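Worksheet for the structure shown next.
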There are 2 protein chains.
Amino acid sequence: MTDLSDSSNFIIKNALLSSRLSKRVGHCLSVHGMSMTEFLVLHSLEGAPRKALSRIELAELLGMSASGITRLVAPMEKIGLVSKESNPRDARQSLVKISETGQRLYSEASVGFDHISNELTENISSVQLEKILELYGRVK
Amino acid sequence: MTDLSDSSNFIIKNALLSSRLSKRVGHCLSVHGMSMTEFLVLHSLEGAPRKALSRIELAELLGMSASGITRLVAPMEKIGLVSKESNPRDARQSLVKISETGQRLYSEASVGFDHISNELTENISSVQLEKILELYGRVK
DNA sequence: GATATATGATTGAGTAATCAACTATTAAAC
DNA sequence: GTTTAATAGTTGATTACTCAATCATATATC
């Protein structure tokens, strides 16, 4: 499992790590009946200006396709975590807005998410984590 | 897109980064008719003691399920990148061994893989990449 | 203001993985 | 040496996505 450049090794290890982490964290989120990507939707909406984003913006943020977002959001809307809002300025857009229920569920899930995250990275200091995040920002 | 702990942010950004990187790199590998996971299979086999691994070991290394490996390796075997070998000591095992063709294709693909990897991480020094890899090793 | 083009979103078909259930073989317990 | 339990692998059904095609609306051009 060697012989490539540091860059290649970084890409490879990053992919493997992320799949491992997503599984662990996903398992923890499933207690709240939620997947990792659903959590990321709620997280993104929670941080958005008017607690709403268009499907395209959501796709951009999550690195997914527009159709992926359609299929991801549909069941969340059905169970009332988010609602569909139309943009009076542009009838093509349908904004996704987080509901009260969605906000409640998000904050509940965040607790567990934070807890498991801290556990998984307990051997890495905050300073180092921040340094990694800064370096991530430099990846093209 | 804030408010969680550094740990949580690390997990989230890591997932997003890795999906972005896999897409970029995957696109480059597709020139060789290969997916990222197929590349990882060849990479793992190339680095293995006798250029062969059991399905279970492969699953372990790639963080995938055994059935995932079965379905991933089957077409690779069909086009002759790997071959199935039986273990005389254990008739349950069927080892996956990289073929000459597989080795040739792997080394060809590695060139492009390395190239795109270097490009993507060109704003991060080797020292820093190695530091990140070391920190990855500390994640539970 | 009609026509061409671009953008936001959905749908159908396909792909890559998962889990649960199963088969085959091996190892352990008695 | 059976029976029991564990391990390696495959298969069927399902899930979560992708891409290409499509529809509806918006914008630009003439």
Side-chain angles (χ1 to χ4, degrees), chain A residues 15-16 18-30 33-41 48 52-79 82-97, chain B residues 15-16 18-30 33-42 48 52-79 81-97:
Chain A
L16 296 178
S18 132
S19 110
R20 238 184 65 213
L21 291 178
S22 297
K23 265 165 211 156
R24 298 285 225 104
V25 170
H27 183 265
C28 146
L29 288 172
S30 75
M34 203 188 306
S35 72
M36 175 85 173
T37 47
E38 286 170 328
F39 180 80
L40 289 177
V41 167
L53 291 168
S54 77
R55 266 121 165 107
I56 295 288
E57 290 169 318
L58 222 28
E60 193 70 23
L61 281 170
L62 303 205
M64 284 177 58
S65 65
S67 68
I69 296 296
T70 295
R71 293 180 156 105
L72 174 58
V73 165
M76 298 178 73
E77 197 189 332
K78 193 164 281 177
I79 63 173
V82 300
S83 63
K84 191 180 275 188
E85 301 228 329
S86 52
N87 180 352
R89 312 221 162 224
D90 191 338
R92 289 171 303 181
Q93 276 194 359
S94 84
L95 301 172
V96 182
K97 181 168 191 175
Chain B
L16 296 179
S18 132
S19 109
R20 238 184 65 212
L21 291 178
S22 297
K23 265 164 211 156
R24 297 284 226 106
V25 171
H27 182 265
C28 146
L29 288 172
S30 74
M34 202 190 305
S35 71
M36 174 85 176
T37 47
E38 286 170 327
F39 180 80
L40 289 176
V41 167
L42 295 182
L53 291 168
S54 77
R55 266 119 167 110
I56 295 289
E57 289 170 317
L58 222 27
E60 193 71 23
L61 280 171
L62 303 206
M64 284 177 58
S65 65
S67 68
I69 295 296
T70 295
R71 294 182 155 105
L72 174 58
V73 164
M76 297 178 73
E77 196 188 333
K78 192 164 283 177
I79 62 173
L81 301 181
V82 300
S83 63
K84 191 179 273 188
E85 302 228 328
S86 53
N87 180 351
R89 311 220 162 223
D90 189 340
R92 289 170 304 178
Q93 277 195 357
S94 83
L95 301 173
V96 182
K97 180 169 191 174

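Keep in mind that this is a model prediction, so the values were computed, not measured. Letters A, B, ... mirror the listed sequences (proteins, then strands); counts begin at 1.
- Between B:Ser65 and C:dA17, a side-chain N or O to OP1/OP2 separation shorter than 4.0 Å is absent.
- Here CG of B:Leu95 is found 11.5 Å from CD1 of B:Ile56. Values are rounded to the nearest 0.5 Å.
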- Note on the structure: Protein heavy-atom contacts under 4.0 Å, written 5' to 3' over nucleotides 4-13 of chain D as B (base), S (sugar-phosphate only) or - (none), form the string --BBSSBBBB
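- To the nearest 0.5 Å, the span separating CZ on B:Arg55 from NZ on B:Lys84 amounts to 5.0 Å.
- The interatomic distance linking A:Leu58 (CG) with C:dT10 (C1') rounds to 15 Å, in whole Å.
- When rounded to the nearest whole Å, the span between CG of A:Asn87 and P of C:dG8 equals 11 Å.
- One atom, CE of B:Met34, and another, P of C:dA16, lie 14 Å apart when rounded to the nearest Å.
- As rounded to whole Å, 13 Å separates atom C1' of D:dC17 from atom CG of A:Leu62.
- A distance of 13.0 Å separates OG in B:Ser54 from CD in B:Glu85, rounded to the nearest 0.5 Å.
- Taking CD1 from B:Ile69 and CD from B:Glu57, the interatomic distance works out to 11.0 Å, rounded to the nearest 0.5 Å.
- In this structure, CZ of B:Phe39 is placed 17 Å from P of C:dA16, rounded to the nearest angstrom.
- Rounded to whole Å, atom P of C:dC19 lies 11 Å from atom CE of B:Met64.
- Considering B:Leu40, B:Leu58, B:Thr37, B:Val96 in turn, B:Thr37 is the only one that fulfils the side chain to side chain contact (heavy atoms under 4.5 Å, CB included) rule with B:Leu72.
- Surrounding CD of A:Glu60 are at most 12 heavy atoms belonging to other residues, nucleotides or ligands under 6.0 Å away.
- The residue among A:Ser35 and A:Ala91 whose nearest nucleotide of DNA chain D is located toward the 5' end is A:Ser35.
- Here D:dC17 is the nucleotide among C:dT18, D:dA26, D:dC17 with the atom lying nearest to any side-chain atom of A:Leu72.
- One can place NZ of A:Lys23 at 15 Å from P of D:dA16, the figure rounded to the nearest angstrom.
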